[in-house]
Amino acid sequence: MSAPTLESSPAATATTLWYTRCPVPTAFGLALQLGWIEAEFARDPDIDIRALQTSADPKVHQSHFSHTQENSFRQGGNLPAVWARANGSDTRVIGLSWIRGPYTALTLPGSGIRTAADLKGRRLLIVRRPNEEIDFVYAMTLRTYEAALASAGLTLADVQLVEHRVERSYVSDRVQPGGNRDYVDFRQGKKGGAAAALVTRLIRGEVDVIPSASVGSLKLVELLGLQVVFDEASLDRSSVNNGKPETFAVSARLAAERPDLVARVLARALQAVEWAANNPADAVRFVARELGASEQQIVEAYGDTLQASLEIDLAPANVEGLRQVQDFLHRHRLIARAFDIDAWIDPGPLQAARALLDERRRTPAYRAEVAPRTGQQPSGVAPSQGCSVR
């Protein structure tokens, strides 16, 4: 029996490449907004590249979490990526980034909870989605609370976790894309923002603390005056969570059968890192667009770590962080079995992408693309919304 070939689009011989990314700072997201991913394949009539969220099939949308769609790339949170790989999704990690952004525990003013030590005996809200195959928000929140308590010499046994159950799935919570938009907004629930129910329970006195992450945490502080009890960003690099490290993953078969395509996509993401270094103000603006936030909020959330957050590598420290994430999921029985992290990582595409970039740096076109140029405008690609909790 012959080996299966890459899935082709209905239009005959065109190979469809799929992509998705999370609403966090990503080099891939910048490359999309700069129009470079589309431009990369503009002269390849046999390549059709599109966002998962442009499909009419909810199962394709679900691949943002499950990594099941063939010929797909995903840069984003590690929790869905590890969870999916532990449950059989055949992927390879081709790059890692370290997103040192907010993972917070919030409370009302006057609650008497000022530091992590004050959490002892308190009621901490945690969201559960029992019908979701990969409940990454639950895992992210559990990790945030665990880190907060550990910083004060406490454990989860010292607090009461109060579950807030949501029967819907993340995909069913989406806002229907329109026009040429390529994203799904998981911030919006059927009855308002996903954070609204959590804040309501806090105000009603049903819980003492709620979780939030990314710029969503800043918005709750700014708009509602909530107090930050703990922010995992204050800890050193030994503390891991959904974006620490962030994974750049690709379908294993695509990496094996078409390493040239994988290298070209990854090279464009690496080029975006170089562009961001030359255009820091524009990088903040583009990331703000990705996250649906103000530029000031991006500066407050990521500060002088934004550039470092965009870097893509396979540094030993990042690989170790990925191993710790798996240990956390396995320890809490969120995955049934551990797997070989080192075997999951494929360094070949990154090496090929760097070599390709070295060649392109010699060309005037490349130098013009990455040169400092104030006020650049993003392409028509819309911002991504996915693996975050607001």
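Everything numeric here is computed off the predicted structure, so don't read it as measured data.
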Colleague: Going through the distances and angles, do V24 and T26 end up as a side-chain contact (heavy atoms from CB on, under 4.5 Å)?
Modeller: CA-CA 6 Å; V24 289; T26 65; 3.8 Å; yes
Colleague: Are L254 and L356 grouped together when hydrophobic residues (ILVMFWY) are joined by side-chain heavy atoms under 4.5 angstrom apart?
Modeller: no
Colleague: May I ask you to decide if S294's main-chain N or O and Q297's side chain share a donor-acceptor pair within less than 3.5 Å?
Modeller: yes
Colleague: Looking at R360, is its backbone amide N or carbonyl O close enough to the side chain of T363 to form a donor-acceptor pair, meaning the two atoms are under 3.5 Å apart?
Modeller: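 Answer holds: yes.
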Colleague: Using the ring-ring contact (aromatic ring centres under 6.0 Å, His included) criterion, which residues pair with F73? Sequence neighbours excluded.
Modeller: none
Colleague: The criterion is salt bridge (Lys or Arg N to Asp or Glu O under 4.0 Å); which residues satisfy it with E359, sequence neighbours excluded?
Modeller: none
Colleague: Excluding sequence neighbours, so at least two apart, what forms salt bridge (Lys or Arg N to Asp or Glu O under 4.0 Å) with R331?
Modeller: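 Partners of R331 under the salt bridge (Lys or Arg N to Asp or Glu O under 4.0 Å) test: E146.
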Colleague: Counting only N and O atoms by type, is there a donor-acceptor contact under 3.5 Å from the side chain of R204 to the main-chain atoms of V207?
Modeller: no
Colleague: Can you name the salt bridge (Lys or Arg N to Asp or Glu O under 4.0 Å) partners of R85, sequence neighbours left out?
Modeller: none
Colleague: Enumerate, atom names and distances included, each donor-acceptor pair closer than 3.5 Å involving a side-chain atom of residues 96-106, sequence neighbours excluded.
Modeller:
| from | atom 1 | to | atom 2 | distance (Å) |
| --- | --- | --- | --- | --- |
| S97 | OG | E311 | O | 2.7 |
| R100 | NE | A233 | O | 3.3 |
| R100 | NH2 | A233 | O | 2.5 |
| Y103 | OH | G243 | N | 2.7 |
| T104 | OG1 | S212 | O | 3.1 |
| T104 | OG1 | S217 | OG | 2.7 |

Colleague: Under a 3.5 Å distance rule, please check whether E70 uses its side chain to pair with a backbone N or O of T68 as donor and acceptor.
Modeller: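 No: the side chain of E70 does not pair with the backbone of T68.
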Colleague: Just by distance, do the side chain of N279 and the backbone of A371 share a donor-acceptor pair under 3.5 Å?
Modeller: yes
Colleague: Just to verify, what does D158 make a salt bridge (Lys or Arg N to Asp or Glu O under 4.0 Å) with, not counting sequence neighbours?
Modeller: none
Colleague: Which heavy atom of A147 sits nearest to which heavy atom of S239, and what is that distance?
Modeller: CB-OG, 4.1 Å
Colleague: Under the rule for ring-ring contact (aromatic ring centres under 6.0 Å, His included), what residues qualify as partners of F230, not counting sequence neighbours?
Modeller: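 Checked F230 against ring-ring contact (aromatic ring centres under 6.0 Å, His included); zero matches.
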Colleague: Of the non-hydrogen atoms in L30 and A283, which two are nearest, and what is the gap between them?
Modeller: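 So the minimum-distance heavy-atom pair works out to CD2-O, 4.4 Å.
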Colleague: For the pair N78 (side chain) and T247 (backbone), establish whether a donor and an acceptor sit closer than 3.5 Å, ignoring hydrogens and angles.
Modeller: no
Colleague: Decide whether T20 and H64 meet the rule of one side-chain donor and one side-chain acceptor closer than 3.5 Å.
Modeller: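 A pair is found: one side chain offers a donor N or O, the other an acceptor, under 3.5 Å apart.
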Colleague: For Q62 versus E132, what's the shortest heavy-atom pair and its separation?
Modeller: NE2-OE2, 2.9 Å
Colleague: Does R114, at its CZ atom, have more than 12 non-hydrogen atoms belonging to other residues, nucleotides or ligands within less than 6.0 Å?
Modeller: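 Result for CZ/R114: open.
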Colleague: What do the steps show when you test Y302 against V284 for side-chain contact (heavy atoms from CB on, under 4.5 Å), and what is the final call?
Modeller: CA-CA 9 Å; Y302 300 101; V284 168; over 6 Å; no
Colleague: Can I94 and I312 be said to form a side-chain contact (heavy atoms from CB on, under 4.5 Å), step by step?
Modeller: CA-CA 9 Å; I94 59 175; I312 300 172; over 6 Å; no
Colleague: If hydrophobic clusters are built from ILVMFWY residues whose side chains come within less than 4.5 Å, do I341 and V93 share one?
Modeller: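 Cluster IDs for I341 and V93 match.
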Colleague: Tell me the ring-ring contact (aromatic ring centres under 6.0 Å, His included) pairs involving residues 329-373, sequence neighbours left out?
Modeller: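 ring-ring contact (aromatic ring centres under 6.0 Å, His included) check on residues 329-373 returns F328-H332, F339-W344.
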Colleague: Dump the intermediate steps for salt bridge (charged side-chain N to carboxylate O under 4.0 Å, His left out) on E320 and R323, then the final yes or no.
Modeller: CA-CA 5 Å; E320 177 57 28; R323 193 172 286 111; 3.0 Å; yes
Colleague: Ignoring hydrogens and geometry, is there a side-chain-to-backbone donor-acceptor pair from S89 to T91 under 3.5 Å?
Modeller: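 No.
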Colleague: Please find the pair of heavy atoms, one from L291 and one from P25, that lie closest to each other, and give the distance.
Modeller: CD1-N, 4.2 Å
Colleague: Between R143 (side chain only) and V240 (backbone N and O only), is there a donor and an acceptor less than 3.5 Å apart?
Modeller: yes
Colleague: Rounded to the nearest 0.5 Å, what separates atom CZ in F41 from atom CG in L17?
Modeller: 5.5 Å
Colleague: Apply side-chain hydrogen bond (donor to acceptor under 3.5 Å, both in side chains) to Y145 and list each qualifying residue two or more places apart in sequence or on a separate chain.
Modeller: none
Colleague: Can you tell me which residue pairs pass the ring-ring contact (aromatic ring centres under 6.0 Å, His included) test with a partner in residues 247-267, sequence neighbours excluded?
Modeller: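 Of all non-adjacent pairs touching residues 247-267, those that pass ring-ring contact (aromatic ring centres under 6.0 Å, His included) are F28-F248.
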Colleague: Which residue pairs pass the salt bridge (charged side-chain N to carboxylate O under 4.0 Å, His left out) test with at least one member in residues 259-280, sequence neighbours excluded?
Modeller: E40-R264, E40-R268, D44-R264, R258-D260, R268-E369, E274-R361
Colleague: Answer yes or no: is there a donor N or O on one side and an acceptor on the other, between the side chain of S151 and the main chain of A148, under 3.5 Å?
Modeller: yes
Colleague: Would Q69 and S251 count as having a side-chain donor-acceptor pair, cut-off 3.5 Å?
Modeller: no
Colleague: Under 30°, 30 to 60°, or over 60°: which ring-plane class applies to W275 and W36, parallel, tilted or perpendicular?
Modeller: perpendicular
Colleague: For a side-chain contact (heavy atoms from CB on, under 4.5 Å) check, start with the C-alpha distance between L108 and L226, then their side-chain angles and the critical distance, and finish with the verdict.
Modeller: CA-CA 5 Å; L108 290 171; L226 300 188; 3.6 Å; yes
Colleague: Any side-chain donor-acceptor pair under 3.5 Å between N241 and T144?
Modeller: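 Short answer, yes.
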Colleague: Determine which pairs satisfy salt bridge (charged side-chain N to carboxylate O under 4.0 Å, His left out) with at least one residue from residues 87-98, sequence neighbours left out, and list them in order.
Modeller: D90-R92
Colleague: So for atom CZ, which belongs to R333, do other residues, nucleotides or ligands contribute more than 12 heavy atoms lying within a distance under 6.0 Å?
Modeller: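 12 or below, so no.
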